[in-house]
Amino acid sequence: MQVTPTLTEGLKRSFTVVIPAADLQGRCDARLAEVGRDVKLPGFRPGKVPASVVKQRFGESVQAEVTEKLVQESVKSLLEERDIRPAMQPKVDLVSAGTDGKDLEFTLEMEVLPEIPTPDMSGTKLTRYTAKVADEVIDKALNEVAERNRKFETIEEDRPAGKGDVLNVNFVGKKDGTPFDGGTADDVNVEIGGAGFIPGFAEQMEGMKPGEERTITVTFPENYQAKELAGQEVTFDIKVNALKKPVNPAIDDEFAKSLGLESVEQMRKLITEQAESEYSQLSRMRIKRDLLDVLAEKVDFEAPQGMVDAEFGQIWSRIEAERKNGGLDEKDAAKDEETLRADYRKIAERRVKLGLLLAEIGRKQDIQISQEELLSAMQQEARRYPGQEQAVFEFFTKNPQAIDSLRGPILENKVVDYLIELAEVTDKEVTAEELADMPDAD
(Lines give C-alpha, C1' and ligand atoms only; values in the text may rest on other atoms or scores of the structure.)
Protein backbone atom coordinates (compact mmCIF):
# COMPACT_ATOMS: atom_id res chain seq x y z
CA MET A 1 0.00 0.00 0.00
CA GLN A 2 1.42 3.35 -1.06
CA VAL A 3 0.18 6.37 0.90
CA THR A 4 0.78 9.94 -0.26
CA PRO A 5 -0.31 12.87 1.93
CA THR A 6 -1.94 15.54 -0.25
CA LEU A 7 -3.19 18.05 2.32
CA THR A 8 -2.22 19.06 5.85
CA GLU A 9 -3.99 22.29 6.67
CA GLY A 10 -5.27 23.03 10.14
CA LEU A 11 -7.37 20.01 11.08
CA LYS A 12 -7.86 18.93 7.45
CA ARG A 13 -6.03 15.90 6.14
CA SER A 14 -6.17 14.13 2.80
CA PHE A 15 -4.26 11.22 1.30
CA THR A 16 -4.01 9.29 -1.93
CA VAL A 17 -3.77 5.55 -1.39
CA VAL A 18 -2.64 3.12 -4.09
CA ILE A 19 -2.86 -0.65 -3.73
CA PRO A 20 -0.91 -2.57 -6.41
CA ALA A 21 -2.97 -4.50 -8.91
CA ALA A 22 -1.12 -7.70 -7.94
CA ASP A 23 -2.30 -7.41 -4.31
CA LEU A 24 -5.88 -6.82 -5.41
CA GLN A 25 -5.76 -9.70 -7.89
CA GLY A 26 -4.30 -12.03 -5.28
CA ARG A 27 -7.15 -11.23 -2.87
CA CYS A 28 -9.73 -11.68 -5.63
CA ASP A 29 -8.25 -15.06 -6.66
CA ALA A 30 -8.27 -16.26 -3.05
CA ARG A 31 -11.90 -15.20 -2.61
CA LEU A 32 -12.94 -16.83 -5.90
CA ALA A 33 -11.31 -20.06 -4.70
CA GLU A 34 -13.43 -19.91 -1.53
CA VAL A 35 -16.56 -19.32 -3.60
CA GLY A 36 -15.63 -22.24 -5.89
CA ARG A 37 -15.43 -24.64 -2.95
CA ASP A 38 -18.94 -23.79 -1.78
CA VAL A 39 -20.87 -22.92 -4.95
CA LYS A 40 -23.45 -25.26 -6.43
CA LEU A 41 -24.15 -25.02 -10.16
CA PRO A 42 -26.22 -27.31 -12.39
CA GLY A 43 -24.02 -29.90 -14.16
CA PHE A 44 -21.15 -29.71 -11.69
CA ARG A 45 -20.44 -31.56 -8.49
CA PRO A 46 -20.00 -29.37 -5.38
CA GLY A 47 -16.45 -28.05 -5.23
CA LYS A 48 -15.69 -29.18 -8.78
CA VAL A 49 -16.83 -26.09 -10.71
CA PRO A 50 -13.96 -24.97 -13.00
CA ALA A 51 -12.21 -21.78 -11.88
CA SER A 52 -12.94 -20.16 -15.24
CA VAL A 53 -16.69 -20.72 -14.76
CA VAL A 54 -16.57 -19.40 -11.19
CA LYS A 55 -14.73 -16.30 -12.37
CA GLN A 56 -17.18 -15.76 -15.24
CA ARG A 57 -20.20 -16.06 -12.95
CA PHE A 58 -18.90 -14.33 -9.82
CA GLY A 59 -15.81 -12.39 -10.82
CA GLU A 60 -17.47 -8.97 -10.91
CA SER A 61 -19.31 -9.29 -7.59
CA VAL A 62 -16.22 -10.79 -5.90
CA GLN A 63 -14.05 -7.91 -7.12
CA ALA A 64 -16.57 -5.37 -5.72
CA GLU A 65 -16.66 -7.22 -2.40
CA VAL A 66 -12.87 -7.52 -2.15
CA THR A 67 -12.37 -3.88 -3.18
CA GLU A 68 -14.73 -2.62 -0.50
CA LYS A 69 -13.08 -4.76 2.18
CA LEU A 70 -9.58 -3.81 1.05
CA VAL A 71 -10.43 -0.10 1.16
CA GLN A 72 -11.85 -0.46 4.68
CA GLU A 73 -8.77 -2.36 5.87
CA SER A 74 -6.42 0.15 4.25
CA VAL A 75 -8.19 3.12 5.84
CA LYS A 76 -8.08 1.46 9.26
CA SER A 77 -4.39 0.60 8.83
CA LEU A 78 -3.51 4.12 7.70
CA LEU A 79 -5.27 5.71 10.68
CA GLU A 80 -3.65 3.33 13.15
CA GLU A 81 -0.12 3.60 11.72
CA ARG A 82 -0.21 7.40 11.69
CA ASP A 83 -2.12 7.67 14.98
CA ILE A 84 -4.86 9.73 13.35
CA ARG A 85 -8.14 10.29 15.19
CA PRO A 86 -10.81 11.43 12.70
CA ALA A 87 -13.39 13.90 14.00
CA MET A 88 -16.07 12.31 11.80
CA GLN A 89 -16.35 9.46 9.31
CA PRO A 90 -13.61 9.97 6.67
CA LYS A 91 -14.70 10.58 3.08
CA VAL A 92 -13.46 7.96 0.60
CA ASP A 93 -13.56 8.45 -3.18
CA LEU A 94 -12.46 5.78 -5.65
CA VAL A 95 -10.10 7.05 -8.34
CA SER A 96 -9.56 3.61 -9.90
CA ALA A 97 -11.50 0.49 -8.93
CA GLY A 98 -8.60 -1.71 -10.00
CA THR A 99 -10.35 -3.27 -13.00
CA ASP A 100 -8.54 -4.37 -16.16
CA GLY A 101 -5.32 -5.00 -14.29
CA LYS A 102 -4.98 -1.45 -12.95
CA ASP A 103 -3.96 -0.49 -9.44
CA LEU A 104 -6.68 0.19 -6.87
CA GLU A 105 -6.54 3.89 -6.04
CA PHE A 106 -8.65 6.05 -3.75
CA THR A 107 -8.52 9.37 -1.93
CA LEU A 108 -9.17 9.84 1.76
CA GLU A 109 -10.35 13.17 3.21
CA MET A 110 -11.12 14.01 6.82
CA GLU A 111 -10.83 16.41 9.70
CA VAL A 112 -8.83 15.20 12.68
CA LEU A 113 -9.48 15.81 16.32
CA PRO A 114 -7.46 18.72 17.66
CA GLU A 115 -4.98 18.55 20.50
CA ILE A 116 -7.15 19.18 23.54
CA PRO A 117 -5.32 20.40 26.65
CA THR A 118 -6.50 19.17 30.04
CA PRO A 119 -7.80 22.12 32.09
CA ASP A 120 -6.34 22.88 35.47
CA MET A 121 -9.28 22.70 37.88
CA SER A 122 -7.34 23.83 40.93
CA GLY A 123 -8.91 26.88 42.53
CA THR A 124 -12.21 26.37 40.67
CA LYS A 125 -15.17 27.43 42.80
CA LEU A 126 -18.75 26.38 42.11
CA THR A 127 -22.05 26.95 43.88
CA ARG A 128 -24.64 24.21 44.23
CA TYR A 129 -28.07 25.81 44.61
CA THR A 130 -30.65 23.84 46.58
CA ALA A 131 -34.23 24.39 47.71
CA LYS A 132 -36.55 22.77 50.22
CA VAL A 133 -40.10 21.80 49.38
CA ALA A 134 -42.35 24.29 51.19
CA ASP A 135 -45.71 23.29 52.63
CA GLU A 136 -47.47 25.77 50.36
CA VAL A 137 -46.00 23.98 47.32
CA ILE A 138 -47.46 20.69 48.55
CA ASP A 139 -50.81 22.31 49.36
CA LYS A 140 -50.94 23.90 45.91
CA ALA A 141 -50.23 20.57 44.25
CA LEU A 142 -52.94 18.86 46.33
CA ASN A 143 -55.45 21.54 45.32
CA GLU A 144 -54.50 21.06 41.67
CA VAL A 145 -55.10 17.30 41.98
CA ALA A 146 -58.47 18.01 43.57
CA GLU A 147 -59.35 20.47 40.83
CA ARG A 148 -58.51 17.92 38.13
CA ASN A 149 -60.90 15.52 39.86
CA ARG A 150 -63.68 18.03 40.47
CA LYS A 151 -67.32 17.27 39.80
CA PHE A 152 -70.08 19.47 38.48
CA GLU A 153 -73.33 20.05 40.33
CA THR A 154 -76.43 21.32 38.54
CA ILE A 155 -77.63 24.82 39.53
CA GLU A 156 -81.42 24.81 39.80
CA GLU A 157 -81.66 28.61 40.04
CA ASP A 158 -83.03 30.25 36.88
CA ARG A 159 -80.25 32.67 36.03
CA PRO A 160 -77.73 33.37 33.28
CA ALA A 161 -74.21 31.90 33.43
CA GLY A 162 -71.50 34.11 34.87
CA LYS A 163 -67.76 33.79 35.25
CA GLY A 164 -66.83 30.65 37.16
CA ASP A 165 -70.04 28.84 36.16
CA VAL A 166 -70.05 25.85 33.86
CA LEU A 167 -72.42 25.35 30.94
CA ASN A 168 -73.14 21.86 29.68
CA VAL A 169 -73.67 22.32 25.93
CA ASN A 170 -74.08 20.68 22.56
CA PHE A 171 -72.39 22.42 19.66
CA VAL A 172 -71.94 22.14 15.91
CA GLY A 173 -68.99 23.90 14.30
CA LYS A 174 -69.38 25.13 10.72
CA LYS A 175 -67.03 26.58 8.15
CA ASP A 176 -68.76 28.51 5.37
CA GLY A 177 -72.05 27.05 6.64
CA THR A 178 -70.88 23.42 6.43
CA PRO A 179 -70.05 21.30 9.51
CA PHE A 180 -66.36 20.43 9.69
CA ASP A 181 -64.70 17.29 11.07
CA GLY A 182 -64.21 17.34 14.83
CA GLY A 183 -66.42 20.37 15.28
CA THR A 184 -69.50 18.61 16.71
CA ALA A 185 -69.93 17.41 20.30
CA ASP A 186 -72.66 16.78 22.90
CA ASP A 187 -72.69 17.12 26.70
CA VAL A 188 -69.51 19.20 26.87
CA ASN A 189 -68.78 21.19 30.03
CA VAL A 190 -67.49 24.69 29.28
CA GLU A 191 -66.30 26.93 32.09
CA ILE A 192 -67.18 30.59 31.63
CA GLY A 193 -64.00 32.59 31.98
CA GLY A 194 -61.92 29.42 31.74
CA ALA A 195 -59.52 28.45 28.99
CA GLY A 196 -61.52 27.46 25.93
CA PHE A 197 -60.02 25.38 23.15
CA ILE A 198 -60.33 28.43 20.87
CA PRO A 199 -59.94 32.06 22.03
CA GLY A 200 -63.40 33.64 22.31
CA PHE A 201 -65.27 30.33 22.47
CA ALA A 202 -66.11 30.22 26.19
CA GLU A 203 -66.29 34.00 26.53
CA GLN A 204 -69.22 34.31 24.10
CA MET A 205 -71.35 31.89 26.12
CA GLU A 206 -71.51 34.16 29.15
CA GLY A 207 -75.10 35.11 29.98
CA MET A 208 -76.68 32.01 28.41
CA LYS A 209 -79.32 29.91 30.22
CA PRO A 210 -80.40 26.25 29.98
CA GLY A 211 -82.49 25.70 26.85
CA GLU A 212 -81.06 28.78 25.12
CA GLU A 213 -79.43 28.56 21.69
CA ARG A 214 -76.84 30.93 20.24
CA THR A 215 -74.50 31.09 17.25
CA ILE A 216 -71.03 32.44 17.95
CA THR A 217 -68.16 33.31 15.60
CA VAL A 218 -64.53 32.53 16.42
CA THR A 219 -61.21 32.45 14.57
CA PHE A 220 -58.82 29.55 14.98
CA PRO A 221 -55.22 30.45 15.89
CA GLU A 222 -52.70 30.58 13.04
CA ASN A 223 -50.73 27.73 14.60
CA TYR A 224 -53.77 25.49 15.19
CA GLN A 225 -52.87 21.81 14.79
CA ALA A 226 -55.54 21.15 12.13
CA LYS A 227 -54.00 22.97 9.16
CA GLU A 228 -57.30 23.27 7.29
CA LEU A 229 -58.72 25.30 10.19
CA ALA A 230 -55.64 27.32 11.17
CA GLY A 231 -56.42 31.03 10.93
CA GLN A 232 -59.95 30.35 9.65
CA GLU A 233 -63.14 32.04 10.85
CA VAL A 234 -65.90 29.57 11.80
CA THR A 235 -69.25 29.56 13.57
CA PHE A 236 -70.58 27.35 16.36
CA ASP A 237 -74.27 26.66 16.94
CA ILE A 238 -74.55 26.34 20.72
CA LYS A 239 -77.40 24.75 22.70
CA VAL A 240 -77.26 24.88 26.51
CA ASN A 241 -78.36 21.73 28.36
CA ALA A 242 -77.68 22.76 31.94
CA LEU A 243 -76.06 25.33 34.21
CA LYS A 244 -73.55 23.83 36.65
CA LYS A 245 -70.91 24.77 39.19
CA PRO A 246 -67.58 23.03 39.73
CA VAL A 247 -67.09 21.41 43.14
CA ASN A 248 -63.68 20.23 44.25
CA PRO A 249 -63.60 17.09 46.41
CA ALA A 250 -62.48 17.41 50.03
CA ILE A 251 -58.79 16.60 50.37
CA ASP A 252 -59.02 13.75 52.85
CA ASP A 253 -58.18 10.07 53.14
CA GLU A 254 -61.30 9.11 51.20
CA PHE A 255 -60.16 11.25 48.28
CA ALA A 256 -56.69 9.68 48.46
CA LYS A 257 -58.24 6.18 48.38
CA SER A 258 -60.29 7.13 45.32
CA LEU A 259 -56.95 7.73 43.58
CA GLY A 260 -55.57 4.35 44.64
CA LEU A 261 -53.53 5.66 47.59
CA GLU A 262 -53.78 4.92 51.29
CA SER A 263 -54.04 8.40 52.78
CA VAL A 264 -53.52 12.12 52.33
CA GLU A 265 -50.20 11.69 54.10
CA GLN A 266 -49.08 9.33 51.35
CA MET A 267 -50.21 11.87 48.76
CA ARG A 268 -48.14 14.57 50.46
CA LYS A 269 -45.13 12.24 50.59
CA LEU A 270 -45.36 11.43 46.86
CA ILE A 271 -45.74 15.11 45.94
CA THR A 272 -42.76 15.99 48.14
CA GLU A 273 -40.59 13.31 46.54
CA GLN A 274 -41.55 14.44 43.04
CA ALA A 275 -40.79 18.08 43.88
CA GLU A 276 -37.46 17.11 45.46
CA SER A 277 -36.55 15.23 42.29
CA GLU A 278 -37.41 18.27 40.15
CA TYR A 279 -35.39 20.57 42.43
CA SER A 280 -32.45 18.16 42.26
CA GLN A 281 -32.55 18.21 38.45
CA LEU A 282 -32.68 22.02 38.41
CA SER A 283 -29.76 22.17 40.84
CA ARG A 284 -27.80 19.76 38.68
CA MET A 285 -28.51 21.77 35.53
CA ARG A 286 -27.24 24.97 37.14
CA ILE A 287 -23.97 23.63 38.55
CA LYS A 288 -23.31 21.81 35.27
CA ARG A 289 -23.93 25.01 33.30
CA ASP A 290 -21.58 26.92 35.61
CA LEU A 291 -18.94 24.21 35.25
CA LEU A 292 -19.20 24.32 31.45
CA ASP A 293 -18.81 28.11 31.55
CA VAL A 294 -15.60 27.64 33.56
CA LEU A 295 -14.30 25.03 31.11
CA ALA A 296 -15.12 27.25 28.12
CA GLU A 297 -12.98 30.02 29.65
CA LYS A 298 -10.09 27.75 30.69
CA VAL A 299 -9.57 25.90 27.41
CA ASP A 300 -9.78 26.95 23.78
CA PHE A 301 -8.90 25.02 20.66
CA GLU A 302 -9.91 24.78 17.03
CA ALA A 303 -13.17 22.88 16.52
CA PRO A 304 -13.56 20.59 13.49
CA GLN A 305 -15.83 22.55 11.17
CA GLY A 306 -17.61 19.43 9.96
CA MET A 307 -18.77 18.74 13.50
CA VAL A 308 -19.78 22.37 13.97
CA ASP A 309 -21.73 22.29 10.68
CA ALA A 310 -23.56 19.13 11.76
CA GLU A 311 -24.42 20.56 15.19
CA PHE A 312 -25.54 23.87 13.69
CA GLY A 313 -27.69 22.02 11.17
CA GLN A 314 -29.59 20.28 13.96
CA ILE A 315 -30.04 23.51 15.89
CA TRP A 316 -31.13 25.47 12.84
CA SER A 317 -33.73 22.85 11.86
CA ARG A 318 -35.33 23.33 15.27
CA ILE A 319 -35.16 27.12 14.98
CA GLU A 320 -36.84 27.06 11.56
CA ALA A 321 -39.59 24.78 12.88
CA GLU A 322 -40.20 27.09 15.84
CA ARG A 323 -40.23 30.14 13.59
CA LYS A 324 -42.72 28.47 11.24
CA ASN A 325 -45.03 27.67 14.17
CA GLY A 326 -44.61 31.07 15.79
CA GLY A 327 -42.71 29.54 18.70
CA LEU A 328 -39.54 31.67 18.67
CA ASP A 329 -38.94 33.67 21.84
CA GLU A 330 -39.16 37.45 21.58
CA LYS A 331 -35.39 38.04 21.52
CA ASP A 332 -34.79 35.63 18.63
CA ALA A 333 -37.89 36.78 16.74
CA ALA A 334 -36.55 40.34 16.76
CA LYS A 335 -33.25 39.36 15.08
CA ASP A 336 -32.62 39.22 11.34
CA GLU A 337 -31.65 35.83 9.91
CA GLU A 338 -27.95 36.65 9.52
CA THR A 339 -27.65 37.64 13.18
CA LEU A 340 -29.69 34.64 14.30
CA ARG A 341 -27.50 32.26 12.27
CA ALA A 342 -24.32 33.81 13.67
CA ASP A 343 -25.58 33.54 17.25
CA TYR A 344 -26.57 29.90 16.94
CA ARG A 345 -23.40 28.99 15.11
CA LYS A 346 -21.47 30.27 18.14
CA ILE A 347 -23.66 28.06 20.32
CA ALA A 348 -22.98 25.09 18.01
CA GLU A 349 -19.23 25.71 18.19
CA ARG A 350 -19.34 25.97 21.99
CA ARG A 351 -21.28 22.70 22.24
CA VAL A 352 -18.83 20.88 19.95
CA LYS A 353 -15.79 22.16 21.85
CA LEU A 354 -17.23 21.29 25.24
CA GLY A 355 -18.35 17.88 24.01
CA LEU A 356 -14.87 17.11 22.69
CA LEU A 357 -13.26 18.40 25.88
CA LEU A 358 -15.44 16.25 28.13
CA ALA A 359 -14.87 13.20 25.91
CA GLU A 360 -11.10 13.78 26.01
CA ILE A 361 -11.10 14.10 29.80
CA GLY A 362 -13.10 10.89 29.99
CA ARG A 363 -10.57 9.14 27.72
CA LYS A 364 -7.54 10.36 29.65
CA GLN A 365 -9.10 9.48 33.00
CA ASP A 366 -10.27 6.11 31.64
CA ILE A 367 -13.84 6.77 32.75
CA GLN A 368 -15.83 3.69 31.76
CA ILE A 369 -19.53 3.06 31.13
CA SER A 370 -20.87 -0.14 32.67
CA GLN A 371 -23.44 -2.46 31.14
CA GLU A 372 -25.72 -1.64 34.08
CA GLU A 373 -25.57 2.06 33.21
CA LEU A 374 -26.37 1.33 29.55
CA LEU A 375 -29.25 -0.93 30.58
CA SER A 376 -30.60 1.78 32.89
CA ALA A 377 -30.44 4.32 30.02
CA MET A 378 -32.27 1.89 27.74
CA GLN A 379 -34.98 1.37 30.38
CA GLN A 380 -35.35 5.12 30.81
CA GLU A 381 -35.71 5.54 27.06
CA ALA A 382 -38.23 2.69 26.89
CA ARG A 383 -40.39 4.35 29.57
CA ARG A 384 -40.94 7.21 27.15
CA TYR A 385 -43.01 4.83 25.00
CA PRO A 386 -45.59 3.13 27.27
CA GLY A 387 -46.74 -0.19 25.85
CA GLN A 388 -43.84 -0.34 23.39
CA GLU A 389 -41.03 -1.11 25.84
CA GLN A 390 -40.17 -4.46 24.27
CA ALA A 391 -39.99 -2.93 20.79
CA VAL A 392 -37.63 -0.24 22.09
CA PHE A 393 -35.32 -2.85 23.63
CA GLU A 394 -35.32 -4.86 20.38
CA PHE A 395 -34.44 -1.70 18.46
CA PHE A 396 -31.39 -1.09 20.64
CA THR A 397 -30.40 -4.76 20.44
CA LYS A 398 -30.44 -4.73 16.64
CA ASN A 399 -28.87 -1.28 16.23
CA PRO A 400 -25.47 -0.89 17.93
CA GLN A 401 -25.32 2.71 16.72
CA ALA A 402 -28.47 3.45 18.75
CA ILE A 403 -26.77 2.09 21.86
CA ASP A 404 -23.75 4.26 21.09
CA SER A 405 -26.06 7.29 21.11
CA LEU A 406 -26.78 6.53 24.78
CA ARG A 407 -23.09 6.38 25.69
CA GLY A 408 -22.43 10.07 25.01
CA PRO A 409 -24.81 11.53 27.62
CA ILE A 410 -23.79 8.91 30.21
CA LEU A 411 -20.08 9.63 29.71
CA GLU A 412 -20.68 13.38 29.77
CA ASN A 413 -22.49 13.19 33.11
CA LYS A 414 -19.79 10.97 34.62
CA VAL A 415 -17.07 13.38 33.51
CA VAL A 416 -19.07 16.31 34.89
CA ASP A 417 -19.32 14.49 38.24
CA TYR A 418 -15.57 13.87 38.17
CA LEU A 419 -14.82 17.55 37.51
CA ILE A 420 -17.27 18.78 40.15
CA GLU A 421 -15.42 16.64 42.69
CA LEU A 422 -12.19 18.46 41.78
CA ALA A 423 -13.77 21.88 42.37
CA GLU A 424 -14.50 23.67 45.62
CA VAL A 425 -18.29 23.45 45.88
CA THR A 426 -20.38 25.65 48.19
CA ASP A 427 -24.01 24.77 48.87
CA LYS A 428 -26.47 27.66 48.89
CA GLU A 429 -30.15 27.33 49.75
CA VAL A 430 -32.58 29.43 47.71
CA THR A 431 -36.32 29.51 47.24
CA ALA A 432 -38.00 27.22 44.74
CA GLU A 433 -38.85 30.25 42.60
CA GLU A 434 -35.21 31.37 42.55
CA LEU A 435 -34.06 27.88 41.67
CA ALA A 436 -36.56 27.62 38.81
CA ASP A 437 -35.56 31.07 37.55
CA MET A 438 -31.96 30.05 36.96
CA PRO A 439 -30.76 30.58 33.38
CA ASP A 440 -30.94 27.56 31.11
CA ALA A 441 -27.79 25.92 29.81
CA ASP A 442 -26.93 26.33 26.10
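Just so you know, residue 1 is the first one in the sequence shown, and it goes up from there.
Counted within 6.0 Å of CD on E9, heavy atoms from surrounding residues, nucleotides or ligands total 12 or fewer; the atom is thus considered open.
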>> The test is side chain to side chain contact (heavy atoms under 4.5 Å, CB included); show your working for W316 and L340 and say whether it passes.
In response: CA-CA 9 Å; W316 193 250; L340 201 58; 3.9 Å; yes
> Given K428 and T130, is the side chain to side chain donor-acceptor pair (under 3.5 Å) satisfied, shown in steps?
Replying inline: CA-CA 6 Å; K428 180 179 180 180; T130 61; over 6 Å; no
>> Applying side chain to side chain contact (heavy atoms under 4.5 Å, CB included) to E34 and R37, what does each step give before you reach the verdict?
In response: CA-CA 5 Å; E34 290 178 2; R37 287 194 297 269; 3.3 Å; yes
>> What verdict does the side chain to side chain contact (heavy atoms under 4.5 Å, CB included) test give for K244 and N168, after you've listed the backbone C-alpha separation in whole Å, the side-chain angles of each residue and the deciding distance to 0.1 Å?
In response: CA-CA 7 Å; K244 300 186 176 185; N168 180 273; 4.3 Å; yes
>> Set out, in order, the CA-CA distance, both residues' side-chain angles and the distance that settles side chain to side chain contact (heavy atoms under 4.5 Å, CB included) for L295 and L419, then state yes or no.
In response: CA-CA 10 Å; L295 292 176; L419 293 173; 3.8 Å; yes
>> If you apply the rule side chain to side chain donor-acceptor pair (under 3.5 Å), what do you find for Y129 with D427, and how did you get there?
In response: CA-CA 6 Å; Y129 296 91; D427 289 318; over 6 Å; no
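Checking each of L11, V92, I84 against M110 for a side chain to side chain contact (heavy atoms under 4.5 Å, CB included) leaves exactly one that passes, namely I84.
Checking T217 against T235 by side-chain atom types alone, no donor-acceptor pair falls below 3.5 Å.
You'll find the ring centres of F236 and F201 inside the 6.0 Å limit.
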Side-chain donor-acceptor distances from residues 252-259 under 3.5 Å, at least two apart:
residue: D252; atom: OD1; partner: E254; partner atom: N; Å: 3.2
residue: D252; atom: OD1; partner: F255; partner atom: N; Å: 2.9
residue: D253; atom: OD1; partner: V264; partner atom: N; Å: 3.0
residue: S258; atom: OG; partner: F255; partner atom: O; Å: 2.5

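With respect to the salt-bridge test (charged N to carboxylate O, under 4.0 angstrom), the residues K288 and E412 qualify. A salt bridge between D336 and R341 is absent, with no side-chain N of the basic residue lying under 4.0 Å from a carboxylate O of the acidic one. Contact check on R85 versus E80 returns no salt bridge, with no Lys/Arg side-chain nitrogen under 4.0 Å from an Asp/Glu carboxylate oxygen. A salt bridge does not link E349 with K346: every distance from a Lys NZ or Arg NE/NH1/NH2 to an Asp or Glu carboxylate oxygen is 4.0 Å or more. Here D404 pairs with R407 in a salt bridge; the nearest charged N to carboxylate O distance falls below 4.0 Å. Salt bridge status for R128 with D290: absent, with no side-chain N to carboxylate O gap under 4.0 Å. In summary, R351 and E311 engage in a salt bridge, as defined by a charged side-chain N under 4.0 Å from a carboxylate O. Taking the charged nitrogens against the carboxylate oxygens, R323 and E337 do have a contact shorter than 4.0 Å, which makes a salt bridge. We find that E233 and K175 are not joined by a salt bridge, their nearest charged nitrogen and carboxylate oxygen being 4.0 Å or further apart. Under a 4.0 Å N-O distance rule, the pair R318/E322 qualifies as a salt bridge. The residues R31 and E65 are annotated as salt-bridged, a charged nitrogen and a carboxylate oxygen being separated by less than 4.0 angstrom. Taking the charged nitrogens against the carboxylate oxygens, E73 and R27 do have a contact shorter than 4.0 Å, which makes a salt bridge.
Atom CD1 of residue I116 and atom CZ of residue F301 lie 4.5 Å apart, to the nearest 0.5 angstrom.
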